[in-house]
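What follows is a single structure, written as structure tokens, with notes after it.
A quick note: this is a predicted structure, and the numbers were derived from the prediction, not measured. Computation of the quantities below employed the complete heavy-atom set of this structure, encompassing side-chain atoms and omitting hydrogens, waters and symmetry-equivalent molecules. The chains referred to below are lettered A, B, ... by the order of the sequence lines, with proteins before strands, and numbering in each begins at 1.
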Amino acid sequence: MMASSYNAKEEDGHHSGSSSHGGPGAIKSKKPDNTAFKQQRLPAWQPILTAGTVLPAFFVIGLIFIPIGIGLFVTSNNIKEFEIDYTGVEIDSPCYICAKNFSWNSTTSCVCSVNFTLDQPFESNVYMYYGLSNFYQNHRRYVKSRDDSQLNGVESNLKQPSKECEPYRTSDGLPIAPCGAIANSLFNDTLELFHINQNGTKQRVNVTKKGIAWWTDKHVKFRNPGGSSNLSVAFQGTAKPVNWRKAVYDLDPEDPENNGFINEDFIVWMRTAALPTFRKLYRIIQKKPNSTPTLSSGRYVMEITYNYPVLSFDGRKRMILSTISWMGGKNPFLGIAYITVGSICFFLGVVLLVIHHKYDTRTNSAEIPN
Amino acid sequence: MTWRSPLALLRDAVLSQKAREKELRSLVSNLPFEGLGKSKQPNRFFKPNAIKTNKYTPLFFIPMNLYEQFHRLANVYFVGLAILNFIPVVNAFQPEVALIPICVIMFLTALKDGWEDFRRYQSDKKLNNMPCLIYSRTAKHYIERRWKDVRVGDFVKVVCNETVPADLLLLHTSDPNNVCHIETSNLDGETNLKQRNALPGLCTSNDVFEPESFNCTVVCEKPNNNLNHFKCFVEKPDKEKTGAGIESLLLRGCTVRNTEHAIGFVVYAGHETKSMLNNNGPRYKRSKLERRLNVDVFFCVLLLFIMCLIGSLGHYLWLKNLSDVPSFLVSDSKGHLDSPSLSSFYMFFTMIILLQILIPISLYVSVELVKIGQIFFILTDVDLYDEETDSQVQCRSLNITEDLGQIEYIFSDKTGTLTENKMVFRRCSIMGKDYPHKENANRLALLEETESEENVIFSQSTLSSQASRYDEDSSPVDTHRHGSRHRSKMAVNRQSSMAFSSPLETQVIPDEKLLQQISRSERSSSGISDPYMDFFLALAICNSVVVSMATTQRQRVSSPSHSHKTNNPLESFSVLVKRTGSFWKVFDSPKQNGSSTSAHKRSDDANGVQPRALDTVTLSARPAAASGDVCYEAESPDEAALVYAAKTYGFTLLARTPNSVTVRVPSGEELVFEVLDTLAFDSNRKRMSVLVRHPITGEYVLYTKGADYAIMELLGTPYAEHLSGQQKKIAADTQYHLDCYAKDGLRTLCITKKIVSSREYQSWLADRKRALAAIDGREELMMASAVQLETELTLLGATGIEDRLQESVPDTITALREAGIKVWVLTGDKPETALNIGYACRLMEEGDLVINMSCKNKVTCVSILDCTLEEVRRYHEDPRNVDTTQKISLMIDGDTLAIALSPDLQDRFLDLAKRCRSVLCCRVTPLQKSRVVKLVRDKLKVMTLAVGDGANDVNMIQVADVGIGISGQEGMQAVMASDFAITRFKHLKKLLLVHGHWCHTRLANMIIYFFYKNAAYVNLLFWYQFYCGFSGTAMIDYWLMIFFNLFFTSTPPIMFGIMDKDVSAEMLMGVPELYRTGQGSGEYNFRTFWISMLDAFYQSLVCFFVPYLAYQGSDVDIFTFGTPLNTSSLFIILLHLGIEIKSWTVVHWIIMLGSVALYFIVTLAYSAICVTCNPPSNPYWILQNQMADPMFYLICIISTVVALLPRYTFYVLKNSIAPSPLIQAKHLDRMEPSVRDMWMKEWRSLRGGTEVKESRLSTPPSPTLETSVDFYPGFGDAASFVGEDMSLNVIGD
């Protein structure tokens, strides 16, 4: 820019002009400041990655990882887990008929029961999960198909659900509550567990159905609409999701704290799984106060109200009983990973030690190889 | 303003367009039309003087800026993607959210553009409102108006020290000779005064110019941007035409000096002025790295395409495998599902949106930021600051810093670049007799010493009181000597505006014999036609030096607020006098210090010389003292040197006007020569002449000076037939002396004279006038007329001017060569001078094989080239010469070069040249310089750097990849054309070896890292597609993804690119070899790019699959699963950078830890606040939940360790087993300084040593080649030379 450049020049001229007469103090030199920052001489830590310097790091990693890995592995192995598939694909499966004759529209529910035996007693709290395979709850359009504001009890969204919910937004002109594909495909099998005593009688295993959802979800994220305690009033003017047998305010009629949007089974389902094979917490079998195991070993029967179709996508349904540790459910992977990585690091440490003795001594004396 | 029909407006627009397009413009004075409407104005078609350089207006800023920004392909790409996101079938994210990154980036760019434009607007406004004086007919005098009011056809009066508002045709000045002095430093940076002449024959009537009586028509050419060319003629009412050229044009932006006022006629105004037409804005150069970067961006696009294709294909197969419609497959609102092929087609675009950041959106912005930071550090480097001129390095191109680290070839000018371009008169030869000026040489040697040992000698000089004899005002100086020394030093700094006047250049100790000779001839032949007198008269007259008295010199200040400065010139001059005085003391000091053994010999010399020298000094001091304050302002330093030399011998140039030159001769007489014509210097003729009429004899005398080869051809035998023998002898002797001078590295000039008969002059004058009046082909005619006169010259003598090497030049060249850079010197000098300088600056070394190519026709040239090439190849293949490939030097002259550059020979020439370590081209023209650079750059595909200081280097500087200007003595044209401007050649060492290396490695690593970073992050999403049916789901909240790139991981790489330091500056300077890492493809090449991409794939695999396996089959939800992925990928990406960072300063720690902290703070805050704010993702309380879970930490730790383990181990192994030179240097860096220096020396000698050893073994490869010894005397012993030197001295024809 010529225009600006000769302005600058003019200024320069003034500088030099005025400095020549302002005495030595007034001289404004262009000399850059001799500061550490401007001269790029800030004190610096300059690590050089050589065998000698990183040796300790490898050993330390090895020495820390291996115990952690062992700890994780042992913990994981101590977790008791029992899993049973009740999809009913095989002909000999008790739920084969239910699975075959499925229709969303059927009004009568199909019930089947599965017998199983626990070889070992479960000592502490037992978590009961249902597991689905090949169910892509993480499909992009499926994940989107919900209205969080509606679930948060916002009145306007109750009547006018977000268009993300399409095509499960309205039904016969009425807004669906809860709208969207996720809610629509709510897992609706009922699983009941009975212990078969020595004398052959079935004894229901007591389960808790609260406390299975995140606290924040239940208390903050999900809220029932309206102030009225009567949910059927609050949800007036809305339709139930297409696939549902009952309305949202009938999910748990006995307990108003677990009904409507804050029904915990519903909340759990709405937290879409990350992977196509997943489990979701269904019930908790609390540890008994006395020393008897939560679930003693023996024969059990699980009665299933078979509502949920999975055969259309080659899915599987499972019931899982599992105790839990500080690291969650049973998964040996982390333990093995830690042990392996720890060992590799340790091994590398040894290799580096050898290399260090062969080469590093030379570099340290700064001999310059040509 | 009267209403005008649109038709009339349209017609006017067409007419003005036509008027502007015409080749010739006719302009008349505005005065008769003053006060009339616009449509009546004769010059209304031409642009007014108001300028507008800002691009935007506030109203249209947004659309115009957007339009500008969309010229960038990357922006179009990203906006296209954002728009794609609005199409419901393909969108991957919330459409509005997808616009954020591109909006942020475009907003920032717009902000920058807007600010720059506003600055331009302000400066325009300031300029447009500057005051100026315009003549008004109604007011009958000049009234003050604004610059923007100036119109073509106005009369403008410019007073002293004012800036010229528009291009003015000079009509009248206050000077009796009608000249005006201007300073063009605003235009080209040249600080010397230039003389402009008013158009003759316009105001002969009286001294006052009356604009109202101006009734001529000015016909001038269409505006162009050539600052040194202007064609115009003025047609009087009686049809008489007077031609005018650039010498009558005052350019806008110049400053009027030393002239009370000047009146001009506005010919071009505003944007049509030459200075505005020259104003093209900053140049945009693209660096090699950036070109490479664009290739890799293309690879990324390809990769993206492949990944999207995989995704689309996967989606298709996944859909195909579904036997029925499952409940998780969401149909559109009508319950309709797309067919697998259609939805997989849509999926392709969804994938592009999802994976778009594989093409790094912020990379371009980051690279620009990094370069700004790098330039900041180059500018603030105190080592590149020059005390003497108080200037630092200038970076004129902002985007090629990293090219400095990849230079393979340096093309250097010699004069002013390698040398100081402070011309010092050393010796002369008159009438075949050499006057060696030994004392002068001693003085120079001493002066050199004083520069290095300033303080020591200075303290000695305080002892000397005798010396004050030579010092007019010694007593005040003596008392506070140190203070005055300091002040004088400052004065030097401030007086930098005064060209070529250091004591080094102004002071010459005359040769005693020559003095005697002069006084003898003065007595004998009344000093009229004596060749000795003629010689010095020629020196004094034949030049374009402007004389300025100290009192009137350079009155810079006009504004009253700076009134105290009016004393300035006087005082500064007195300082100057003191300084020269102190120089005399310095010279004297060895005599005082006889005990010092080192100075003993010299002081003996000085003692011997002193008594006689004393006379000469007083002799020369006499006129100087009388005329006291004569100052010379020359366009080229050698002219000044010659004038000062003439002054020493009593021939003082007192005044120069366009028509006369006043010279005081030794007898004290003042002779006024009428100057009839000046044939200015041009690079084709290589000489200049002045035609004067001798005031005593009345003869027409032509004095010509020029390069010896240009002069020797023109010598005639004008004296008499019988003298021809003597003339021949003189010519031969002078030629011998010239060769000697050249061997000493002196610049030579021949001085000749010719007496032109009156008849001859008259006939020539007619031709000359015709040439002057011509508008077309004027240059050619002018030159032809000059050549016509410059024949049959009589040789008077020759001068040798020394141009000393700048400090540390040999050291710098050696270092550059060790750095693997080939240095070519291209000079206009004679081969001998060039060769001498070549040895002096260690471009060539003793024992080098020097191939000297010089031939006149193509046939010989071809055969020489072939033969040499053959020899060189054989030489290389010779097993005894292993490792000596770098030992050959090539020397070639301009004529041969012209042949060698012809298309059929250039390949062979290059083949030869690239086998040579250094190449010296002499007698080359500016155009050849640029052709050589272009050839090497294009054919060898190497990075070239051209460095020069003068206008003749501009071509070369512009052609080279990196152009460096040296702001020295020869004005600023080279600097204006350059990318970087330095003050000394030695600064090149640090600029390249340290800053170049740093900038390159920093930027290269930063860019590689940037690609890696984006690939590593985006691949996480890609791997997830395999587990979500290729449906385009992102498991990381989109806001967090944006933040991840915009905030969490953006600053560390920028900081890395600006501040990382792989090796310390000391090591880089000490071991130039380290520079080689950047050469060729450098650190950013195909291999490093793909390795880092592979690493990115590996790391993303680890980062994805460790959490995947850990959470497999559990009840984890999408965003809970994404959190450890996001977190560990943050750690991986930052720690990866941590491995790359070579030096951790406080800044590094703060930024790295700050980034991590920022991630957690922002994510935690976001997770706490956002309950339903960003559907469909549910970030609410997820990170909090995760951070309460030990699994989260365990997963993050192990994936980070596993991801980084290979790279870490690889570095460790490589550094331990086969350390690169950089790592070795780092090791050295850690040692004690003393030990380190020892090792550094050893390292350097390790390379150099082998070469020396090997070369001893080598023998000349072929006995057929002539070996010459006498060519290179004085270097080593002749015997070793015979053995090792091969030179081809084949002179064709």
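Ranked by heavy-atom pairs shorter than 4.5 Å toward chain A, the options P1190(B), G1029(B), S1143(B) are led by S1143(B). Ranked by non-hydrogen atom pairs under 4.5 Å with chain A, the options T1033(B), D1115(B), D1117(B) are led by D1117(B). Your options are V325(B), V1116(B), L1194(B), and the one with the most heavy-atom pairs under 4.5 Å with chain A is L1194(B).
When atom types are taken as modelled, the side chain of N184(A) and the backbone of V242(A) share a donor-acceptor pair closer than 3.5 angstrom.
Note: Y308(A) and W269(A) have perpendicular aromatic rings, judged against thresholds of 30 and 60 degrees for the angle between ring planes. Between Y136(A) and W318(B), the two ring planes are perpendicular [angle over 60°; tilted spans 30° to 60°].
Contacts between L1205(B) and chain A at a heavy-atom distance below 4.5 Å involve the side chain alone, from C-beta outward. The part of M347(B) that comes within reach of chain A is its side chain, from C-beta onward, which places non-hydrogen atoms under 4.5 angstrom from that chain. Looking at T350(B), only its side chain comes within 4.5 Å of chain A, counting heavy atoms on both sides. Using a 4.5 Å cut-off between heavy atoms, D381(B) touches chain A through backbone and side chain atoms alike. Using a 4.5 Å cut-off between heavy atoms, L354(B) makes no contact with chain A at all. Using a 4.5 Å cut-off between heavy atoms, K1142(B) touches chain A through its backbone atoms (N, CA, C, O) alone. For chain A, the nearby part of H995(B) is the side chain; its heavy atoms alone come within less than 4.5 Å. Contact annotation for V341(A): only side-chain heavy atoms (C-beta onward) come within less than 4.5 Å of a heavy atom of chain B. Within the 4.5 angstrom heavy-atom criterion, no atom of F1030(B) approaches chain A. With a 4.5 Å cut-off on non-hydrogen atoms, N1185(B) touches chain A through its side chain but not through its backbone. Both the backbone and the side chain of V1106(B) come within less than 4.5 Å of a heavy atom of chain A. Contacts between V1201(B) and chain A at a heavy-atom distance below 4.5 Å involve the side chain alone, from C-beta outward. Only the backbone of S1114(B) comes within contact range of chain A, with at least one heavy atom under 4.5 Å from a heavy atom of that chain.
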Would you give me the side-chain donor-acceptor pairs under 3.5 Å for residues 39-48 of chain A, sequence neighbours excluded?
unit_1, atom_1, unit_2, atom_2, d
Q39(A), OE1, V382(B), N, 2.9
Q39(A), NE2, D33(A), O, 3.0
Q39(A), NE2, T380(B), O, 2.6
Q40(A), OE1, R1002(B), NH1, 3.3
Q40(A), OE1, R1002(B), NH2, 2.6
R41(A), NH1, E1066(B), OE2, 2.7

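You'll find the ring centres of F278(A) and Y1111(B) outside the 6.0 Å limit. The ring of W1144(B) has its center closer than 6.0 angstrom to the ring center of W1149(B). Checked against the 6.0 Å centroid criterion, the rings of Y1180(B) and W215(A) do not qualify as a close aromatic pair. Taking the six-membered ring for Trp and the full ring otherwise, the centers of Y129(A) and Y282(A) sit at least 6.0 Å from each other.
For the disulfide bond (SG atoms under 2.5 Å apart) test, no residue two or more places apart in sequence or in another chain qualifies with C1028(B).
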